[in-house]
Enquirer: 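Just dropping this structure here.
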Amino acid sequence: MTGSAMDALSVLDRPNSYIGKTVPRPNLDRLLQGRGQYVSDLELPRMAHVVFLRSPHAHARIVSIDADAARRMPGVVAVVSGRELETVITPWVGVLSHMKGLKSAPQRAIAVGRVCWQGEAVAAVVATSRAAAEDAAEQIAVDYEQLDAVTDMRTALDPSTPIIHASLGDNLAFERALHAGDVDLALSGSDAVVEAEFLFGRHTGVTLEPRAVVADWNAAEARLTIYQGTQAPHMVQNIAALHLGLKETQVRVVCKDVGGSFGIKVHIYADEMATYALSKLLRRPIKFVADRVESFNTDIHARDHRCKGRIGVKQDGTITAFEIDDLTGIGPYSMYPRTSAVEANQVVNLVGGPYLTQNYRARARVVFQNKNVMCQYRAVGHPIACSVTEGLVDLAAAKIGMDPVEIRRRNLIADDAYPCTSPSGMKFERLSHHASLTKLLQMMDYEGLRAEQAALRGTKVHRGIGIASFIEITNPSAAFYGVGGAKISSQDGVAVRLDAQGSVICQTSITEQGQGSESLTAQIVGSVLGVSMDRVRVILGDTDNTPYGGGTWASRGAGIGGEAALQAAKVLRANILDVAAAILQSTPAGLDIAGNSVVDAIDGTPRIELSELARIVYFRPDTLPPGIRPELMATRHFVPRQYPFAFTNGVQASWLEIDTETGFIKLLKHWVVEDCGTIINPQLVDEQIRGGVVQGLGAALFEKCIYDERGQLTNANMADYLVPMSGEMPDIEIGHVVSPTLESELGAKGAGEAGTAGAAAAVANAVNDALRPFGVIITEIPLTPQVILTALGRI
Amino acid sequence: MKAAAFAYARATSVVNALELLAAHGDKAKVLSGGQSLMPAMNLRLLSPDLLVDIGGLAELQGVAVKGGTLVIGALTRHVDLLRSAEVALHAPLLREAAAHIAHPAIRNRGTLGGSLAHADPASELPACIAVLDATIVVRAPSGERRIAATEFFKGIYETALLPQELLVAVEMPARGKGSAFFFQEYARRHGDYAIAGLAARATIDDGRFSDLRLGFFAVGDRPLLAAAASKLTNVSVTPTVLADAAATLVDELDPQGDQQASPAMRRHLAQVLLRRCVAALLARPDLETGAAQ
Ligand SMILES: Cc1cc2nc3c(=O)[nH]c(=O)nc-3n(C[C@H](O)[C@H](O)[C@H](O)COP(=O)(O)OP(=O)(O)OC[C@H]3O[C@@H](n4cnc5c(N)ncnc54)[C@H](O)[C@@H]3O)c2cc1C
């Protein structure tokens with residue numbers, strides 16, 4: 001092989017590449033031996049703990065707060081009200097300029113004058129321990145005057161409903177309308193038009209480690225260090241600085257291990273802002289760790305949507321149009337800084353996305369209510385769009401008597417039709433709906449299952465098959481937040497350097513919350529450099545010590561941070577080969593790096609170990625030929641520019657059995673085929689998908705934040721809020737189709753949300769398939785036994 | 001979610017535990033497995049001044065057959081019910097039920113005495129001991145008393161136990177083989193409290209029940225020993241007989257509604273349980289689907 005042939009080979013296909021291999025994560029031993037660095041475990045000298053006294057009412061005026069008794073309790077450092085904290089931290093408004101018309105009211109770290117949801121903080125109690133602070137919180141007397149609570153999103157816009165924020169004029173936060181093609185004409189020319197209203201339960205992320213922050217204001221340095229389990233350290237830095245009146249250089253955000261995020265930890269919460277401010281006010285480290293009850297009451301909720309949908313279809317199966325009218329209630333404020341309009345906006349963007357029809361009309365309305373705030377959680381908007389789209393497609397198929405697979409075959413965008421644009425303007429670079437569907441049918445033995453289903457129906461066993469095709473937004477460019485004025489970076493950076501013993505230090509701006517960011521970065525750097533992974537040390541989650549970047553959310557870590565790592569490693573490799581060529585009196589093209597040594601590019605003979613090269617560079621530069629200036633550290637940044645998003649696609653299937661006497665559903669099996677482009681670590685990808693599916697199945701069958709009509713969350717605990725558990729989960733089989741994105745050399749798209757996007761849709765379709773003999777159709781999740789029995793008329 | 005401050009005493013004997021309870025009245029709480037008490041304290045639903053830990057008392061441990069009686073100590077853990085040979089032989093219903101209680105970590109700590117004293121109407125064990133005709137042995141400073149299981153449960157978290165009393169053991173006839181048992185419950189997830197459940201013991205002669213005890217749980221404020229059973233004893237069970245029994249059962253029930261199930265759903269599920277129980281015990285699948293379908 002010649003040198004130039006080597007260059008033609010992709011950097012990913014090098015000998016001993018780690019790309020596409022399941023290698024153990026470098027951080028496993030550390031985590032398994034209990035040496036994880038979670039903020040919840042952090043102790044600092046003079047650190048005090050804050051507990052927030054939270055409103056028991058959904059909407060009330062705060063008449064007075066009497067904290068005298070609390071201040072006298074043992075261990076209490078301070079009791080601080082919203083007014084006192086206002087002197088340290090300014091309020092914020094969660095809007096983005098590209099979401100036209102989006103409005104919200106100023107939100108404060110601690111309520112001033114009025115509380116707008118059950119769980120909003122009214123006072124902070126700082127004490128020497130969490131228990132002492134809780135004891136003191138019980139002694140605070142707050143006099144509330146209850147106000148009418150707006151709880152039902154359906155009546156939030158009625159003239160008779162009170163307006164939550166008078167200054168806004170109404171309870172409408174955001175509205176978007178879209179019309180592409182000609183829906184009326186298409187529907188009137190259809191053989192059948194089917195419609196349904198789809199209901200989605202409000203639910204939440206339930207991270208294993210709750211939200212946790214330690215804020216440490218060092219008055220001597222005039223610097224705030226924030227230790228926080230977050231997905232976006234630089235975003236936290238920017239916002240903390242902005243509202244505390246500091247420069248960004250005065251704020252350092254450190255984010256080591258995080259016990260699960262799922263989008264819950266990508267926002268700025270009032271209580272976290274209050275914790276930063278308290279540290280500045282009290283000039284000492286302050287720790288806030290949400291307990292489980294306040295997690296349910298204050299971690300963002302998601303998915304509280306009611307969406308009316310309509311589909312037109314011809315007798316030959318051609319889908320003629322989609323139409324939706326989506327309504328969602330987001331709580332009293334649009335969340336900061338990503339806003340609470342994004343989920344509804346995504347629903348509009350994504351409905352009908354896998355299909356050919358260009359006729360599409362959509363309206364989405366986002367209203368305020370006196371409930372906990374709603375915002376982005378894993379697969380933002382996707383599960384709603386997918387459930388509505390795939391539910392409608394199945395209803396259309398049933399109406400014209402066509403098999404659900406067949407109608408999809410006839411309407412999914414052809415695999416050779418790319419690039420193309422959806423009616424909502426989404427640009428698709430390359431998707432593989434048909435190849436994915438074909439693979440799925442093979443994996444599940446579709447015909448066999450249909451036969452089994454038919455045979456069992458004779459014995460009164462009711463099983464159902466549900467299919468759901470989906471698209472997923474990954475690798476977002478500045479189109480997501482940057483263009484709307486939010487200081488949330490869409491680019492990421494990686495710095496790589498060769499150390500004196502030939503090992504590699506790699507600093508990246510993406511973060512690790514358990515999904516394997518550390519591992520994929522080490523795999524890429526090791527492969528591209530020709531260095532074994534055990535020599536690559538990855539540093540992340542520290543604004544003082546990593547390049548500037550967005551972090552890990554929206555399925556962007558591997559695709560964007562991974563590409564930056566690849567490019568940085570390429571530059572370092574070239575730099576190393578330049579030095580090696582000078583030392584060895586060869587040419588860079590005649591050399592390569594493999595197995596931690598510089599080798600002959602043609603026959604692979606080792607020429608000089610990297611450790612030896614590093615020794616010369618760092619300790620005996622005097623022996624290098626004149627003019628050689630080694631640069632053994634390289635930095636590269638990457639952001640997608642050509643496509644606003646790298647869309648991925650896939651298809652899921654559910655096989656389940658319903659006990660029609662008890663209403664209980666047993667999930668028998670679940671399949672996913674997805675296309676995330678280049679797969680860096682198959683096991684990490686598969687486990688991302690499985691985890692995502694489980695969260696989707698939670699939404700389908702179990703999870704729901706149950707509010708009463710007064711705005712009280714009635715199941716804010718792990719006994720009553722049902723998270724999906726292993727005992728109820730089916731085996732989940734995963735297959736892949738690989739269509740790399742050409743926007744990056746790595747070719748990786750995201751895989752973090754695909755599982756969540758389509759799981760509930762597949763289950764709902766399977767339930768309706770199983771219940772077909774009963775003539776029952778359910779378009780509501782969670783599909784509880786109560787819902788099933790009611791639909792069947794058993795109760 | 002931190003408990004309010006409390007004092008802790010590790011009882012050295014049953015007598016010592018009773019002294020402590022007598023001295024502190026209803027300000028003290030017995031700590032057994034802690035699986036119900038500690039969560040309630042962490043949520044500050046309960047804030048006792050003193051915990052009297054009985055966990056180390058050998059007098060309250062062990063499963064033994066004495067004469068014709070199976071005696072199970074109050075400190076017997078749920079996991080012990082799963083493992084004990086005596087329980088397997090004389091009260092297999094308890095073993096079957098224990099497999100449905102929570103998860104291994106909780107079964108390793110939770111105790112029979114704690115479960116009965118706690119008297120959650122959705123618990124499995126109270127219904128089982130009612131079905132098994134058990135007697136609950138209780139000690140007070142003044143001495144011991146025996147309460148029939150059917151008299152022990154008074155309502156949601158309410159029992160015949162007085163604050164200064166300690167539940168020390170449960171006794172039941174050691175019957176060996178000869179009875180047939182049925183246990184089934186519907187819970188949203190494995191290990192969750194049931195939304196409806198049935199524990200049953202039957203004696204069957206020639207395809208008929210000569211004795212049938214039906215213990216429903218999670219469908220009322222306490223375990224219900226259903227009178228509907230009498231409709232099924234000493235008769236040849238036909239769909240009509242079964243439907244009649246189901247109608248009687250519905251009249252007996254006064255279920256609560258909660259987030260998992262409305263009262264109507266619980267009534268419905270109780271009837272499903274009844275049909276499935278009778279069909280399974282008599283090995284008559286034809287009876288299972290009943291009128292519905
Ligand atoms: C997640 C979870 C799931 C669960 N699921 C189930 C389930 O499905 N089914 C079920 O039945 N249970 C369930 N439980 C409860 C569990 O079975 C408890 O162990 C049981 O209810 C109480 O037993 P304990 O030994 O832990 O009692 P403790 O918690 O120690 O005490 C409970 C109460 O009984 C009193 N008490 C205890 N022992 C005595 C005694 N000897 N004399 C007088 N008073 C006494 C205590 O003072 C206290 O008031 C669950 C618990 C958890 C945490």
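We name chains A, B, ... by the order of the sequence lines, and we start the count at 1 in each one.
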Enquirer: Given that the side chain runs from C-beta out, which part of B:D258 has a heavy atom under 4.5 Å from chain A: side chain, backbone, both or neither?
Expert: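 For B:D258, neither part sits under 4.5 Å from chain A.
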Enquirer: Report, by ascending residue number, the residues of residues 98-110 of chain B in heavy-atom contact with chain A at a distance under 4.5 Å; give 'none' if the set is empty.
Expert: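 Within residues 98-110 of chain B, the residues under 4.5 Å from chain A are B:H103.
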Enquirer: Mind listing the closest non-hydrogen atom pair of A:F702 and B:R189 along with its distance?
Expert: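 Shortest heavy-atom separation between A:F702 and B:R189 comes out as CE2-CG, 3.8 Å.
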Enquirer: Below 4.5 Å from any heavy atom of chain A, which atoms of B:L273 appear? Answer side chain, backbone, both or neither.
Expert: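 It is neither, since no heavy atom gets under 4.5 Å.
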Enquirer: Compare all side-chain heavy atoms of B:M265 with those of A:R794 and state whether any distance is below 4.5 angstrom.
Expert: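 Heavy-atom side-chain distance check fails, nothing below 4.5 Å.
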Enquirer: Any side-chain heavy atom of A:T662 sitting closer than 4.5 Å to one from B:R276?
Expert: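 A:T662 reaches B:R276 side chain to side chain.
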Enquirer: Just wondering, do B:D192 and A:L722 contact through their side chains at under 4.5 Å, heavy atoms?
Expert: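 They are in side-chain contact.
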Enquirer: Against chain A, label B:R267 side chain, backbone, both or neither, depending on which of its atoms sit under 4.5 Å from a heavy atom there.
Expert: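 Nothing of B:R267, per the 4.5 Å heavy-atom cut-off to chain A.
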Enquirer: Quick one, B:H190 and A:E728 - any side-chain contact, counting heavy atoms below 4.5 Å?
Expert: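 Yes, close enough: below the 4.5 Å cut-off.
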Enquirer: For residues B:L269 and A:E661, report the shortest heavy-atom separation together with the two atoms involved.
Expert: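 Nearest pair, atom of B:L269 first, then A:E661: CD2-O, 4.4 Å.
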Enquirer: What part of B:Q271 is in contact with chain A, defined as an atom under 4.5 angstrom from a non-hydrogen atom: side chain, backbone, both or neither?
Expert: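 Neither part.
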Enquirer: Is chain B contacted by the side chain of A:E138, its backbone, both, or neither, given a heavy-atom distance below 4.5 Å?
Expert: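 Contact with chain B: side chain only.
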Enquirer: Does the A:Q786 side chain pair with the main chain of B:S262, one donor and one acceptor, at a distance under 3.5 Å?
Expert: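 Yes; judged by distance alone, with no hydrogens or angles, the pair exists.
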Enquirer: Tell me the residues of residues 213-221 of chain B whose non-hydrogen atoms fall below 4.5 Å from those of chain A, in number order.
Expert: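 So far as heavy atoms go, nothing in residues 213-221 of chain B approaches chain A to under 4.5 Å.
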Enquirer: Highest number of heavy-atom pairs under 4.5 Å with chain B: which of A:A131, A:S129, A:S726?
Expert: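 Maximum pair count with chain B is reached by A:A131.
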Enquirer: Start with the C-alpha distance between B:R188 and A:D720, add both sets of side-chain angles, then the distance that settles salt bridge (charged side-chain N to carboxylate O under 4.0 Å, His left out), and finish with yes or no.
Expert: CA-CA 10 Å; B:R188 293 290 303 280; A:D720 297 323; over 6 Å; no
